[in-house]
Amino acid sequence: MRLTIRRMTPKLRALALLAALFLASCASAPLTLDQRLDRILAQHPAQTIAISYQDLRSGVAVHRNENTVFHAASTMKVPVMLGIFDAVSRGELRLEQPVRLRNEFASILDGSTYSLEAREDSDPALYDLVGQEIALQELVRRMIVRSSNLATNNVIELIGAKRVMALMHEIGANDIQVLRGVEDDKAYHAGMNNTTTSHDLLRIFCTLGEGKALSPEASKAMTGILLAQEFNDGIPAGLPKGIPVAHKTGSITAIAHDAALVFDPSGTYGLVILTRGFAKSEDAEKVMAEISRAVWEARRSL
């Protein structure tokens, strides 16, 4: 015979009702950010995904695989931008100064020369201007918003990778490695690569968001460049339309990243997502958008 609530004693009936209410409240309780992220990561066991999140106002942070080292791909262009603004702040460079655009660079492995190919660059139009003078600020802009490899190699040679590294250490990004420009194949095959962790990229973006990257004015100027990013299929794709996102993507074979400041009306936060192992960059971007959406929704439920 089934025992129903109606046939229970008043005491048992009260306990049963309390238990039912408790279970119902548990079932309807929104998932925490930790739970949301763990669910997403569990769906991709064959890939490596690192996530670093921090609310700039409260300092609350959530990390997954934050110290795992990844090829930095084009996210290394953000430290290079900081290096340029550092030189400008010291009076060594001027953003408006002309730079003669060239397409011949020295490998850090053996000093041999190499050139970049327009068909492998996300900003092929810039190659039509080789030999001409371009304002430094325009090269920095294209390095970020169009992820121009040609602009990057011209820009980094003005300051050198060692200076970029010293600046990263000053802001507490101690594990990131910026060794060279891009498409230095000899160095790549020798394992001399730019690398990063989600923890270090988050440190960089939070420093920008806090106005502490060199100065409040420099931080605002660099954030403005990042806000003009033209590739928005990662973190921005998981957010409601119209939410400002200052970010930088990066991708090579089986690598896809996005690092951002998200200007949520309830408070700015930093979010970095690094991925390795997705055969198609579009698949990685979908996961990054899903993670971005999970962070946004978790913040709404607080």
Side-chain angles (χ1 to χ4, degrees), residues 48 67-88 90 92-93 97-134 136 138-140 142-144 146-171 173-197 200-201 204 248-257 259 274 276-277 281:
T48 303
N67 295 316
T68 299
V69 176
F70 291 76
H71 191 294
S74 289
T75 62
M76 54 77 64
K77 296 168 184 176
V78 178
V80 174
M81 177 174 65
L82 267 71
I84 290 295
F85 272 80
D86 180 52
V88 168
R90 298 173 186 274
E92 300 166 13
L93 295 173
Q97 77 178 59
V99 176
R100 188 168 296 280
L101 189 68
R102 61 193 187 88
N103 189 14
E104 188 174 273
F105 311 99
S107 171
I108 65 168
L109 179 66
D110 58 9
S112 60
T113 59
Y114 69 96
S115 298
L116 308 184
E117 295 186 33
R119 62 184 176 84
E120 295 181 354
D121 200 323
S122 55
D123 186 18
L126 188 60
Y127 289 76
D128 295 334
L129 304 179
V130 170
Q132 299 183 34
E133 290 188 337
I134 312 294
L136 174 58
E138 174 63 9
L139 291 177
V140 172
R142 295 175 85 137
M143 175 178 70
I144 298 298
R146 296 185 182 174
S147 205
S148 170
N149 292 337
L150 185 61
T152 302
N153 281 17
N154 277 268
V155 164
I156 196 172
E157 290 201 343
L158 295 174
I159 51 174
K162 288 184 179 179
R163 179 169 186 163
V164 176
M165 284 294 298
L167 183 58
M168 292 301 98
H169 290 159
E170 285 181 21
I171 66 175
N174 296 313
D175 294 324
I176 196 169
Q177 277 201 128
V178 179
L179 303 180
R180 56 174 175 81
V182 292
E183 301 299 335
D184 183 347
D185 287 343
K186 284 188 175 181
Y188 174 81
H189 292 297
M192 302 170 70
N193 297 314
N194 302 318
T195 59
T196 191
T197 63
D200 276 15
L201 278 175
I204 295 168
K248 182 71 192 79
T249 60
S251 64
I252 57 174
T253 303
I255 293 288
H257 309 320
L274 309 181
R276 180 170 56 229
S281 59

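By convention here, the first residue in the shown sequence is residue 1.
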Chemist: For residues 152-162, pull every pair meeting salt bridge (charged side-chain N to carboxylate O under 4.0 Å, His left out), keeping only residues two or more places apart or in separate chains.
Modeler: Arg102-Glu157
Chemist: Quick check against the 3.5 Å criterion: does Asp123 have a side-chain atom that pairs as donor or acceptor with the backbone of Ser147?
Modeler: no
Chemist: Give, for atom NE2 of His71 and atom CG of Leu274, the distance between the pair rounded to the nearest 0.5 Å.
Modeler: 12.5 Å
Chemist: Tell me, do Val155 and Leu136 make a side-chain contact under 4.5 Å, heavy atoms counted?
Modeler: yes
Chemist: Within the distance-only criterion (no hydrogens, no angle test), does the side chain of Asn153 pair as donor or acceptor with the backbone N or O of Val182 below 3.5 angstrom?
Modeler: yes
Chemist: Under the 3.5 angstrom rule, does the side chain of Asn103 hit a backbone N or O of Leu116 as a donor-acceptor pair?
Modeler: yes
Chemist: What salt bridge (charged side-chain N to carboxylate O under 4.0 Å, His left out) pairs are there with at least one residue in residues 179-192, not counting sequence neighbours?
Modeler: Asp110-Lys186
Chemist: I need the Asn174 CG to Met168 CE distance, nearest 0.5 Å.
Modeler: 10.5 Å
Chemist: Do Val178 and Ile156 come within less than 4.5 Å of each other through their side chains, counting heavy atoms only?
Modeler: yes
Chemist: Work out which heavy atom in Leu201 is nearest to a heavy atom in Ala259; give both atom names and the distance.
Modeler: CD1-CB, 4.3 Å
Chemist: Any donor-acceptor pair under 3.5 Å linking the side chain of Asn194 with the backbone of Met76?
Modeler: no
Chemist: Can you list everything that forms a salt bridge (Lys or Arg N to Asp or Glu O under 4.0 Å) with Glu133? Sequence neighbours excluded, please.
Modeler: Arg100
Chemist: If you define the side chain from C-beta out and look only at heavy atoms, does anything of Asp121 sit under 4.5 Å from Leu126?
Modeler: no
Chemist: Kindly indicate whether the side chain of Ile159, heavy atoms from C-beta on, has any atom under 4.5 Å from the side chain of Asp86.
Modeler: no
Chemist: For the CG atom of Leu82 and the CD atom of Glu170, what is their distance to the nearest 0.5 Å?
Modeler: 10.5 Å
Chemist: Kindly say whether Pro124 contributes a backbone atom to a donor-acceptor pair with the side chain of Arg146 at under 3.5 angstrom?
Modeler: no
Chemist: About how many Å separate CG of Asp175 and OG1 of Thr195, when rounded to the nearest 0.5 Å?
Modeler: 8.5 Å
Chemist: Below 4.5 Å, heavy atoms only, C-beta onward: do Leu150 and Asn154 meet side chain to side chain?
Modeler: yes
